[in-house]
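Per chain, numbering begins at 1; letters A, B, ... match sequence-line order.
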There are 2 protein chains.
Amino acid sequence: MKRPKRPTIRDVAEKAGVSIATVSKYVNGQQSFSPAVEEKLREAIEDLGYSQNSLARAMVTGRTTAIGLAVMDLANPHYSNVVKGANRVALANGYNLFVVDMEESIAAVRPLLEALAPRTDGLIVSARIPKDVTDWLAELDKPVAFLGQPERDDVLTVGTDSVQVAALLAQYLVRQGFKRFGYMGYSRAPSNADRLQGLRQILEPAGVELLIFDVDEPTNEAGERAAARVLLRPDRPDVIIGWNDLVAIGMMNEARSLGFKVPFDVAFAGIDNIPISRYVTPPLTTVDVCSQTTGEVVMKKIIAMIEEKPQPTDLTLEPALIIRESTQRQFT
Amino acid sequence: MKRPKRPTIRDVAEKAGVSIATVSKYVNGQQSFSPAVEEKLREAIEDLGYSQNSLARAMVTGRTTAIGLAVMDLANPHYSNVVKGANRVALANGYNLFVVDMEESIAAVRPLLEALAPRTDGLIVSARIPKDVTDWLAELDKPVAFLGQPERDDVLTVGTDSVQVAALLAQYLVRQGFKRFGYMGYSRAPSNADRLQGLRQILEPAGVELLIFDVDEPTNEAGERAAARVLLRPDRPDVIIGWNDLVAIGMMNEARSLGFKVPFDVAFAGIDNIPISRYVTPPLTTVDVCSQTTGEVVMKKIIAMIEEKPQPTDLTLEPALIIRESTQRQFT
DNA sequence: AAATATCAGTTAAACGTTTTCCTTGTTTGG
DNA sequence: CCAAACAAGGAAAACGTTTAACTGATATTT
């Protein structure tokens with residue numbers, strides 16, 4: 001492993017017999033050149049395999065044409081889709097998107113962001129993070145946006161309203177005739193409280209029971225592990241809402257292998273509308289939280305902020321109920 | 001949106017009444033200090049909200065403590081898992097991992113890598129990329145590793161052997177008694193040829209038919225769209241292998257909604273062993289290609305290269321057959 | 001007590017760019 | 001032809017750090 005030290009603008013200048021300023025202008029296409037010089041530059045660059053060191057460039061210009069996105073968990077398809085949306089818009093506008101995965105660990109986010117910040121023109125963070133970190137972000141010289149539910153009004157946040165999402169689902173399920181609700185939440189997520197509020201807002205007036213459970217991580221496996229806790233109770237719910245689609249799918253699977261008929265013995269619904277939810281058996285009822293659109297919108301907003309200010313308004317996307325067979329049950 | 005210009009080491013030095021060198025040594029913990037100075041530094045840094053500009057630091061040290069990973073498609077759970085594995089190892093060794101998504105577009109990879117390269121100490125690329133890009137990578141001063149199948153022996157590549165993967169699956173399916181094989185490939189992937197070779201290697205000696213089809217992208221939807229083409233033929237295969245689990249799941253779903261009983265009318269198998277494959281109905285037989293381990297191993301290797309050279313050996317991981325119900329059929 | 005080592009801190013060069021003036025030579029207009 | 005305008009290129013400062021070499025003190029060894 002030799003490290004050949006890659007060629008700098010200085011090497012090019014020397015080889016072409018011009019000043020470094022000229023090379024800089026040439027590679028940035030900022031001026032016209034005599035054919036002789038142009039030819040020599042082309043050749044020198046080609047020979048040396050020169051390419052700009054964007055680090056050095058960023059240092060002096062203060063611009064990186066890159067945007068950073070810190071995401072809770074890349075293995076969660078919801079976030080993959082957010083990334084997809086963001087990436088498309090970024091690329092279309094000449095920016096690069098660098099993604100970092102915080103692996104559900106809020107604690108580790110600070111160093112991650114500190115590493116990311118100087119390398120980017122703007123930051124997107126997909127989580128509610130501790131106050132000291134938001135404070136630090138605030139006094140950064142860069143635009144920052146959050147994904148999730150609007151919380152503070154001095155920062156841009158894009159997402160669906162968790163209360164509304166939960167209420168939407170509850171409303172439909174109540175109308176379907178379900179009588180005993182279970183909710184398998186993820187209490188470590190701050191929006192868990194909002195989801196609960198949304199559920200209660202509908203269920204209490206309707207006089208419907210709500211049993212609350214908790215998973216230790218928002219994954220298939222955790223849902224699967226937790227399912228028995230709720231299914232084997234004497235007062236088993238007739239419908240169970242998962243913190244997200246992954247949890248719901250995990251629970252549903254375990255239910256079926258315990259011999260329950262879904263949705264007849266027990267129904268399931270999730271939240272997020274990840275792509276795979278269509279493909280499980282039975283297909284999962286869920287709420288679309290516009291994952292990809294979220295990514296697109298937040299990226300558009302942050303690019304606007306970077307390239308000079310439209311007022312940063314929070315943007316709440318409209319969730320949409322996706323009705324599939326996992327809750328399609330005739331009540332007699 | 002004011003951009004307050006964040007404080008530099010110089011501001012701290014001035015405020016604390018010391019030289020910038022002292023500040024630098026302080027923040028890097030390279031020396032001991034008199035209590036007086038230490039206190040002033042602490043205070044100045046706190047007041048100003050100073051944090052190191054890692055860009056400038058990287059410029060002079062030549063080290064970024066970051067590693068870049070360019071991945072074909074983050075929405076594909078196989079890659080999410082690779083990222084997960086890589087991220088864990090990176091974090092454990094004090095590196096940050098920056099992920100970029102090339103969205104299945106080999107053409108766009110060059111600018112992505114050019115942006116990523118100066119910001120990182122090493123690069124991992126999860127695709128076979130055009131020769132001009134590999135050449136460019138080769139004359140970079142950074143360690144580079146590839147994910148996939150070893151191809152050139154002067155670069156480090158980690159992955160499972162596509163020929164072996166396909167052969168493993170074929171072998172099992174032949175033993176199961178399947179007689180007419182379908183393969184829904186993704187011909188735009190270079191390893192498609194290897195997969196085919198692996199299949200033929202087993203199927204031809206066994207005197208088993210092989211029908212070859214092609215999807216336009218390696219996704220659920222594409223599999224679903226393509227399914228009818230193979231299912232509605234008069235000489236319909238009795239088992240269909242998907243390019244990956246996503247394609248297989250898409251096809252399987254479409255088969256079921258066309259009224260086929262899986263695995264009795266037609267069986268399905270995938271490749272990758274993505275997490276969700278356990279949860280579809282019927283659970284999908286597949287080949288585990290060690291997604292997460294791949295990420296872990298390649299990251300370990302590249303860190304070793306960065307921190308000085310063990311010889312870069314290619315590493316081929318052992319694929320493992322995962323037998324589930326989607327191919328469990330009794331032949332009479 | 002002299003010689004030496006250690007400690008705390010400073011100076012200045014370097015990293016690879018961009019960019020703001022300059023300089024020179026050449027064209028153009030009147 | 002003379003002045004003014006322009007075109008092509010250069011010199012040098014700046015971006016925010018690190019680090020080797022240096023300077024005085026103070027502490028340790030003989």
Side-chain angles (χ1 to χ4, degrees), chain A residues 3-42 44-45 48-66 114-115 117-119 121 140-142, chain B residues 3-42 44-45 48-66 114-115 117-119 121 140-142:
Chain A
R3 299 278 167 82
K5 210 67 195 123
R6 74 158 145 152
T8 76
I9 202 174
R10 193 157 276 114
D11 301 326
V12 175
E14 193 167 327
K15 178 148 192 169
V18 299
S19 76
I20 61 167
T22 305
V23 181
S24 172
K25 287 169 185 160
Y26 176 74
V27 305
N28 293 319
Q30 298 192 332
Q31 202 183 264
S32 54
F33 298 89
S34 69
V37 167
E38 176 143 16
E39 167 61 15
K40 297 225 280 196
L41 281 174
R42 231 192 18 71
I45 288 178
L48 265 40
Y50 170 77
S51 74
Q52 230 179 32
N53 182 329
S54 49
L55 227 68
R57 172 178 231 270
M59 266 223 50
V60 22
T61 62
R63 306 248 300 107
T64 64
T65 61
E114 283 187 347
R119 296 166 159 88
D121 294 338
L140 213 56
D141 54 336
K142 296 177 194 311
Chain B
R3 301 277 167 83
K5 210 67 195 122
R6 74 162 149 149
T8 75
I9 202 174
R10 194 157 276 115
D11 301 325
V12 176
E14 194 168 327
K15 179 146 193 170
V18 299
S19 75
I20 60 168
T22 305
V23 181
S24 172
K25 285 173 185 157
Y26 177 74
V27 306
N28 293 319
Q30 298 192 330
Q31 201 183 264
S32 54
F33 299 88
S34 70
V37 166
E38 175 143 17
E39 167 61 14
K40 297 226 281 198
L41 282 174
R42 231 191 17 71
I45 288 177
L48 266 37
Y50 170 78
S51 72
Q52 229 179 33
N53 182 328
S54 49
L55 227 68
R57 173 178 230 270
M59 266 223 51
V60 23
T61 62
R63 304 250 298 107
T64 64
T65 61
E114 283 188 346
R119 295 167 161 86
D121 294 338
L140 212 55
D141 54 335
K142 295 176 193 313

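A donor-acceptor contact closer than 3.5 angstrom is absent between the side chains of A/Thr64 and A/Arg57.
Closest to the B/Thr61 side chain, of the nucleotides C/dT19, D/dT17, D/dT18, is D/dT18. Among D/dA8, C/dT17, C/dA8, the nucleotide with an atom closest to any side-chain atom of B/Gln31 is C/dA8. Of the listed nucleotides (D/dA8, D/dT17, C/dT18), D/dA8 has the atom at the smallest distance from the side chain of A/Ser32. Listed nucleotides: C/dT18, C/dG16, C/dT10. Nearest to the side chain of B/Ser19: C/dT10. Listed candidates were D/dT18, D/dG10, C/dT11. Nearest to the side chain of B/Ser24 is D/dT18. Nearest to the side-chain atoms of A/Met59 among the listed nucleotides C/dG9, C/dT17, D/dC15 stands D/dC15. When distances are taken from the side chain of B/Lys25 to each of C/dT19, C/dT18, C/dG9, the shortest belongs to C/dG9.
Heavy-atom nearest nucleotides on DNA chain D were determined for A/Ala21 and for B/Gln52, and the one closer to the 5' end corresponds to A/Ala21. Between A/Ala56 and B/Ala36, the one whose closest nucleotide on DNA chain C sits nearer the 5' end is B/Ala36.
Put simply, CZ on A/Arg10 is 13 Å from C1' on C/dA13, counting in whole angstrom units. The nearest whole Å value for the distance from the CZ atom in B/Arg6 to the C1' atom in D/dC15 is 13 Å. Here C/dT17 presents its C1' atom at 6 Å from CD1 of A/Ile9, a figure rounded to the nearest Å. Per the geometry, CG belonging to A/Asn53 stands 12 Å off P belonging to C/dC15, to the nearest Å. Rounded to whole Å, atom P of C/dT18 lies 14 Å from atom OH of A/Tyr26. A/Ile20 has its CD1 atom 17 Å from the C1' atom of D/dA8, to the nearest Å. Separating the CD atom of B/Glu14 from the C1' atom of D/dT17 is a distance of 17 Å, rounded to the nearest angstrom. Taking atom CG of B/Leu140 as the reference point, atom P of C/dG16 lies 14 Å away to the nearest angstrom.
Heavy atoms of B/Thr22 sit under 4.0 angstrom from at least one base atom. Contact annotation for B/Tyr50: backbone-only contact, meaning every heavy-atom pair under 4.0 Å involves sugar-phosphate atoms and none involves a base. Residue A/Leu55 is classed as having no contact, given no heavy-atom separation below 4.0 Å to the nucleic acid.
Residues B/Ala44 and B/Lys15 come closest through the heavy atom pair CB-CG, 3.8 Å. A pairwise comparison of heavy atoms in A/Lys40 and A/Ala16 identifies CE-O, 3.2 Å as the closest pair.
A/Gln30 has no side-chain polar atom (N or O) that falls below the 4.0 Å cut-off from OP1 or OP2 of C/dT18. Contact annotation: A/Ser34 side-chain N/O to D/dA7 OP1/OP2 distance is not under 4.0 Å. Side-chain N/O atoms of A/Arg57 include one lying less than 4.0 angstrom from OP1 or OP2 on C/dT18. Contact annotation: B/Asn28 side-chain N/O to D/dT18 OP1/OP2 distance is under 4.0 Å.
Under a cut-off of 6.0 angstrom, the local environment of CD in B/Glu14 is sparse, with at most 12 non-hydrogen atoms contributed by other residues, nucleotides or ligands.
The shortest side-chain heavy-atom distance between A/Asp11 and A/Tyr50 does not fall under the 4.5 Å cut-off.
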